*Asks:* 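Please see the structure below; I have some questions.
Note that these values count all heavy atoms, side chains included, but never hydrogens, waters or copies made by symmetry. Just so we're clear, the structure is a prediction, and the values are computed from it rather than from any experiment.
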Amino acid sequence: MDDDERRYEPRALEQKWQRIWAEERTWEVANPGQPGHRSDKPKAYVLEMLPYPSGKPHVGHLKNYSIGDAIAHYRRRNGFEVIHPMGYDAFGLPAENAAIRTGEHPRVSTERSIAQFREQFRAWGISIDWTREISSHTPEYYRWTQWIFLKLFEAGLAYRRAAAVQWCPTDATVLANEQVVDGRCERCGSLVEPRNLEQWFFKITDYADRLLADFDLLEDWPDNVVTMQRNWIGRSEGATVVFRCEQLELDFPVFTTRPDTLFGATFFVVAPEHPDLERLAAGCANSDAVREYVAAAMRTSTGERAAESRDKTGVALGQTVTNPVNGEQIPIYVADYVLMEYGTGAIMAVPAHDERDFEFAQRFGLPIRRVVAAASESEGQREAPLEAAFVSHSEHDVAINSGQFSGLPSPEANRRILDWLGESGRGERSVNYRLRDWLISRQRYWGCPIPIVHCERCGLVAVPEAELPVPLPEVDDYKPKGKSPLAGAEQWVAVECPSCGGAARRDTDTMDTFVDSSWYFLRYLDADNGEAPFSAEAADHWMAVDQYIGGVEHAILHLMYARFFTKALADIGCLRVQEPFTNLLTQGMITRDGAKMSKSVGNTVSPATYVERYGADAARTYVCFMGPPERGGDWLDEGVEGVYRFLRRLWTLAVEVEQRTERGDSAQLAGAAGPARDLLIKTHWAIEKATHDFDRGFQLNTVIAATMELVNAAYRCKNGLYDSPAGAAALRFATATTASLIFPFSPHLGSEVWEMIEGGRVWDQPWPRADPEILSVERFELVVQINGKLRDRLSAPSGSDRDALFELARASPKIAEQLADKEIVKVIAVPDKLLNIVVRG
RNA sequence: GCCGGGAUGGUGGAAUUGGUCAGACACGGCCGACUUAAAAUCGGCUGCCCCCAACACAGGGCGUGAGGGUUCGAGUCCCUCUCCCGGCACCA
């Protein structure tokens, strides 16, 4: 064959294998009951987070799918029936905002982008079962998103209520709590404003405890993700204590985590949004000032109000409540540092033991009474005025100035006070969460319509299942105007009430796109099902996702919502698992020149460019070689080139080995000696190293390094091996093994080299196994240390005991010299590794 | 402030979990071979310092953010500190 034709040409080679995989439908798997279903193999569900299709895929996608594909291949080769599907999170704001600018329908731009993504995934050679492809914007998909919404509605988990919500003025929509970062819209950065609106919520708070408890069901999730979710849910144990306003005959329950500080409560604060505020203010002399304060608080943006540097503000209400532990009358204030959304919207203020209350008390000249002290403090220290709030959770603290509880250790005071309150019905143990219900209404166009009809007579009426999907109507104007663009589709909005038949109107909001992605991993399992979102049989077989791979930016939002959906669907009876993702790998971000890639900085990397120049194999292998998957890394063109050079070296080696050796002489391996045996050992070493690193948290970078070492070893010895049968066999074995080990990263080249050397399909081959016999050596290099310092290396027989090793070491001139006139204190031996002689003198 | 994760050559990162002078593999750099030449390719060297007129060899010392500790032995375990990254934060 002509030399030119034997050059490494990734493009032609990659196209060849991609064609074979498409024609032979290599990566398709069948459900139970379908022809071709493999009940003989264990299943593995390998899934990467689905992409939001905008423009073309970027390097983050390349990394995500390269890692996922390597894992999918590795599982397949280890005997698993792997389901590895793909889809698109196609609804969303960017496409809609583009539509407002360009006038092009979001469906058109989205579908163009989907085509580009699909095309790139094929060009990358990702092993996807394309028969399961879904896209969340299609009626076939969102019909079932609506169906699930209705099930949640029936179960009381979807409800509508008026609430103070966070409004983004730029995107002209409300946002979920999770989408507000530092008081700003996560997406566009605008300061969000408080608004009182009636909105749809999902009752995720009902699941708070299960979301926490079921972390135990997960096998391997990164600690930081679990911690972030824990913090987000923010469970705190404490008590609800009732303070009564005698004048108005009103009870005010408050939540506290520190019942032991009750005797230190010297005033009481309610949030500006508190529903009883008007009644409290009505009779008091200050009522104008109160109303003014409340109005100002309502105008202040959420972020501004939360700013820590801000001085405490508030207004006295001129009323008092009774402290249930000592009957004291303490004044009531309204202040915006108390949040209506947390607890009961009212607090008992204990300035001596809470920084915020302390600050407020100082500003308003309120008494500060100390009720907790460290056990070590003297009487004098305990009586001295506080410079700052004494906030401590030590078990060694004691209660002081606390009536009959004075002198008790704080934990006990806590218990006793609670019991005592409970007996008289003035308080009880309770739990509070930071987590709020998930606000899912969006006043935007490009999303899944909410399948509810508003009827003046019947109220909220579910669209009957048979009428799903409620189609997303065509509109002329996408511009958000404070209400959903869907409201402009008058014909669509006007509808008969499914319940009474009278004139009614459709809900014109669309759902948060996180709803779409909270169940997509279930639709893959049964993507063509026209009767249900998925069959119980398919879900029972494939769920849960054994390995999920995606960006850590979804640690809270997507991952918590999907966990909630899974539990809710299980409760409704659709699903038998409690957790969707058993193992999670969060990949690190790829930067360029040390900075996050962004169009405005102009440091983006287009994978397509590199795939064209170096091939998909080089690009994929490079992103896996940069470092451990969960770490980030800086993209270097030289790095891709380095991997490309390695692949080309493998190719060149394979061509040479194929030309200069004969197939089928593997029996010769048994007799290998000298360099041939060394190469054989190196090959088994590489197999063991690769397998070990794959199994230990997918250390993909070192798997690749092992294959590089093997190729380097083959290059160093190959010219001396061609002439002997054993040498030739060792070279063939090393080359084919490299192909086999690199296949999960470079599937095209791996397939090609395997075919050249061994014939057939590498993906049908089981993952290679290292032969322990070959790896166990008869002799090893003994390291001899004296007082922990290396002094000599000797060849020693494997399995020698301590005494034998010591005798051997003493025979060495270097060691003998070191040991002269020294007293041997101790000899430590590590079998087949080292000997440490401890001496004195 | 609280929680989580880090800090290893010029660079990305290795180190089989307390055991072979730490630095695999790769990038970058230097040198050589091939070539009229360059590119490509192949091969070699590449932590710092000392000893030496210089080269080579051999040798010695120091090195995993800083300091201390445990141990025969520490990048790995413990304590203190510094810095960096991520998350949460007026949540009672």
*Asks:* Rounding to an integer number of Å, can you tell me how far Leu339(A) CG sits from A89(B) P?
*Replies:* 11 Å
*Asks:* Restricting to pairs with a member in residues 698-718 of chain A, which pass salt bridge (charged side-chain N to carboxylate O under 4.0 Å, His left out), not counting sequence neighbours?
*Replies:* Glu656(A)-Lys718(A), Lys682(A)-Glu709(A)
*Asks:* Please identify each residue that fulfils side chain to side chain contact (heavy atoms under 4.5 Å, CB included) with Val838(A), with sequence neighbours left out.
*Replies:* Asn787(A), Val825(A), Lys826(A), Ile828(A)
*Asks:* Could you pull out the protein-nucleic contacts involving nucleotides 31-34 of chain B (nitrogen or oxygen on both sides, under 3.5 Å)?
*Replies:*
none

*Asks:* Quick check on the 6.0 Å ring-centre criterion: do His274(A) and Phe252(A) meet it?
*Replies:*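 Between Phe252(A) and His274(A), which both carry aromatic rings, the centre distance is below 6.0 Å.
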*Asks:* Within the 4.0 Å heavy-atom criterion, would you say Val552(A) contacts the bases, only the backbone, or no part of the nucleic acid?
*Replies:*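 Val552(A): no heavy atom of the nucleic acid under 4.0 Å.
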*Asks:* Between G75(B) and A58(B), how many Å separate the two C1' atoms, rounded to a whole number?
*Replies:* 29 Å
*Asks:* Just checking Arg235(A): base, sugar-phosphate only, or nothing, at a heavy-atom cut-off of under 4.0 Å?
*Replies:* nothing
*Asks:* Quick check with a 6.0 Å cut-off and a 45 degree axis cone: is Arg370(A) positioned over the face of Phe390(A)'s six-membered ring?
*Replies:*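 That pair qualifies as a cation-pi contact.
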*Asks:* Taking the C1' atom in each of U35(B) and G47(B), what is the distance between them to the nearest angstrom?
*Replies:*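 Those two atoms are separated by 35 Å.
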*Asks:* I want to confirm an ordering. Mapping Ile556(A) and Ala706(A) to their closest nucleotides on RNA chain B, which one lands closer to the 5' end?
*Replies:*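 Of the two residues, Ala706(A) wins.
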*Asks:* Say whether Tyr433(A) and Asp209(A), considering side chains only, have a donor N or O and an acceptor N or O under 3.5 Å apart.
*Replies:*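 Asp209(A) and Tyr433(A) do have a side-chain donor-acceptor pair below 3.5 Å.
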*Asks:* How long is the line joining CD of Glu341(A) and P of A89(B), in whole Å?
*Replies:*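 These atoms are roughly 12 Å apart.
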*Asks:* Please report the distance separating the C1' of A74(B) from the corresponding atom of A56(B), rounded so that it comes out in whole Å.
*Replies:* 36 Å
*Asks:* Syn or anti for G69(B), with syn set at within 90° of 0?
*Replies:* anti
*Asks:* On a whole-Å scale, what distance lies between the P atoms belonging to C49(B) and G9(B)?
*Replies:*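 So the two P atoms sit 15 Å from each other.
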*Asks:* Checking all strands, does Asn712(A) fall into the base, sugar-phosphate, or nothing category for heavy-atom contacts under 4.0 angstrom?
*Replies:*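 Here Asn712(A) touches the backbone only, sparing every base.
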*Asks:* Step by step, would you call Phe694(A) with Phe745(A) a ring-ring contact (aromatic ring centres under 6.0 Å, His included)?
*Replies:* CA-CA 12 Å; Phe694(A) 245 119; Phe745(A) 311 96; 5.8 Å; yes
*Asks:* Please tell me whether Phe646(A) and Tyr8(A) form a close aromatic pair, meaning their ring centres lie under 6.0 Å apart.
*Replies:* no
*Asks:* Taking CD1 from Ile742(A) and P from C25(B), how many angstroms apart are they, rounded to a whole number?
*Replies:*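 Spelled out: CD1 on Ile742(A) to P on C25(B) is 15 Å.
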*Asks:* I need a per-nucleotide contact map over nucleotides 9-18 of chain B, read 5' to 3'. Cutoff is protein heavy atoms under 4.0 Å; write B for the base, S for backbone only, - otherwise.
*Replies:* ---SSSSSB-
*Asks:* Under 3.5 Å, is there a donor-acceptor pair between the Arg649(A) and Asn712(A) side chains?
*Replies:*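 Judged by distance alone, the side chains do pair up.
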*Asks:* Applying side chain to side chain donor-acceptor pair (under 3.5 Å), can you list everything that pairs with Thr738(A), at least two apart in sequence or on another chain?
*Replies:*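 Side chain to side chain donor-acceptor pair (under 3.5 Å) check on Thr738(A) returns nothing, list empty.
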*Asks:* Just checking Tyr610(A) against Trp635(A), ring centres under 6.0 Å apart?
*Replies:*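 That pair passes the under 6.0 Å test.
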*Asks:* So Phe268(A) and Tyr333(A), ring-ring contact (aromatic ring centres under 6.0 Å, His included) or not? Walk me through it.
*Replies:* CA-CA 6 Å; Phe268(A) 193 87; Tyr333(A) 283 76; over 10 Å; no
*Asks:* When the distance from CZ of Arg434(A) to P of G87(B) is rounded to whole Å, what number comes out?
*Replies:*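 The distance from CZ of Arg434(A) to P of G87(B) comes to 14 Å, rounded to the nearest Å.
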*Asks:* Output all residues satisfying side chain to side chain donor-acceptor pair (under 3.5 Å) with Thr256(A), sequence neighbours left out; order by chain, then residue number.
*Replies:* none
*Asks:* Would you mind writing out the side-chain donor-acceptor pairs for residues 586-594 of chain A within the sub-3.5 Å range, not counting sequence neighbours?
*Replies:*
residue   : atom : partner   : partner atom : Å
Gln587(A) : OE1  : Asn64(A)  : ND2          : 3.1
Gln587(A) : NE2  : Gly60(A)  : O            : 3.3
Thr591(A) : OG1  : Gly633(A) : O            : 3.3
Thr591(A) : OG1  : Asp634(A) : OD1          : 2.6
Arg592(A) : NH1  : Asp637(A) : OD1          : 3.1

*Asks:* Any cation-pi pair here, Arg660(A) with Tyr722(A), using under 6.0 Å and within 45°?
*Replies:*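 Satisfied, under 6.0 Å and within 45°.
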*Asks:* Kindly write out the residues that satisfy side chain to side chain contact (heavy atoms under 4.5 Å, CB included) with Arg429(A), not counting sequence neighbours, or none if the list is empty.
*Replies:* Arg415(A), Leu418(A), Asp419(A)
*Asks:* Is any side-chain heavy atom of Leu421(A) closer than 4.5 Å to a side-chain heavy atom of Pro324(A)?
*Replies:*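 Touching, per the 4.5 Å side-chain cut-off.
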*Asks:* Counting Watson-Crick and G-U wobble pairs with both distances under 3.5 Å, what is the dot-bracket string for RNA chain B, 5' to 3', using [ ] for crossing pairs and | for pairs to another strand?
*Replies:* (((((((..(((......[.....)))((((((.......))))))((((........))))..(((((..]....))))))))))))....
*Asks:* To the nearest angstrom, how far is Arg716(A) atom CZ from G44(B) atom C1'?
*Replies:* 11 Å
*Asks:* What interatomic distance, in whole Å, is found between P of U46(B) and the corresponding atom of A26(B)?
*Replies:* 15 Å
*Asks:* When you measure from the side chain of Glu709(A), which nucleotide among G44(B), A92(B), A24(B) comes out closest?
*Replies:* A24(B)
*Asks:* Could you tell me how far G65(B) sits from C85(B) if I compare only their C1' atoms? Round to whole Å.
*Replies:* 15 Å
*Asks:* With sugar-phosphate meaning primed atoms plus P, OP1 and OP2, does Ser236(A) contact a base, only sugar-phosphate, or nothing at under 4.0 Å between heavy atoms?
*Replies:*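 Result for Ser236(A) = sugar-phosphate.
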*Asks:* Is it the case that Ser236(A) and Thr257(A) place a side-chain donor and acceptor less than 3.5 Å from each other?
*Replies:*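 Ser236(A) vs Thr257(A): no donor-acceptor pair found between side chains.
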*Asks:* Measuring only the C1' atom in each nucleotide, how far is G69(B) from U76(B)? A whole number of Å is fine.
*Replies:* 15 Å
*Asks:* Grab the N/O contacts between the protein and nucleotides 3-5 of chain B below 3.5 Å, and write none if there aren't any.
*Replies:*
none

*Asks:* Of Gly639(A) and Thr256(A), whose nearest nucleotide on RNA chain B comes first from the 5' end?
*Replies:* Gly639(A)
*Asks:* With ring centroids as reference points, do Phe360(A) and Phe267(A) lie under 6.0 angstrom apart?
*Replies:* yes
*Asks:* Whole angstroms only, please: what is the CH2-C1' distance between Trp232(A) and G86(B)?
*Replies:* 15 Å
*Asks:* From CZ of Arg802(A) over to C1' of G19(B), roughly how many Å is that when rounded to an integer?
*Replies:*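 It is 16 Å, rounded to the nearest whole Å.
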*Asks:* Centres of the Tyr622(A) and Tyr614(A) rings: under 6.0 Å?
*Replies:* no
*Asks:* Give each protein N/O atom lying under 3.5 Å from an N/O atom of nucleotides 40-42 of chain B, with the pair distance.
*Replies:*
residue : atom : partner   : partner atom : Å
A40(B)  : O3'  : Arg648(A) : NH2          : 3.3
U41(B)  : OP1  : Arg648(A) : NH2          : 2.3
C42(B)  : OP1  : Arg649(A) : NH1          : 2.9

*Asks:* Polar atom pairs between nucleotides 71-73 of chain B and protein, under 3.5 Å, N or O only, would you list them?
*Replies:*
residue : atom : partner   : partner atom : Å
C72(B)  : OP1  : Lys826(A) : NZ           : 3.3
C72(B)  : O2'  : Asn836(A) : ND2          : 3.4
C72(B)  : O2   : Asn836(A) : ND2          : 2.3

*Asks:* Syn versus anti for U20(B), judged by chi lying within 90° of 0?
*Replies:* anti
*Asks:* What integer distance in Å separates Glu630(A):CD from G6(B):C1'?
*Replies:* 12 Å
*Asks:* I want to check a possible cation-pi pair here: Arg363(A) against Phe358(A), using under 6.0 Å from ring centre and within 45° of the ring axis as the test.
*Replies:* no
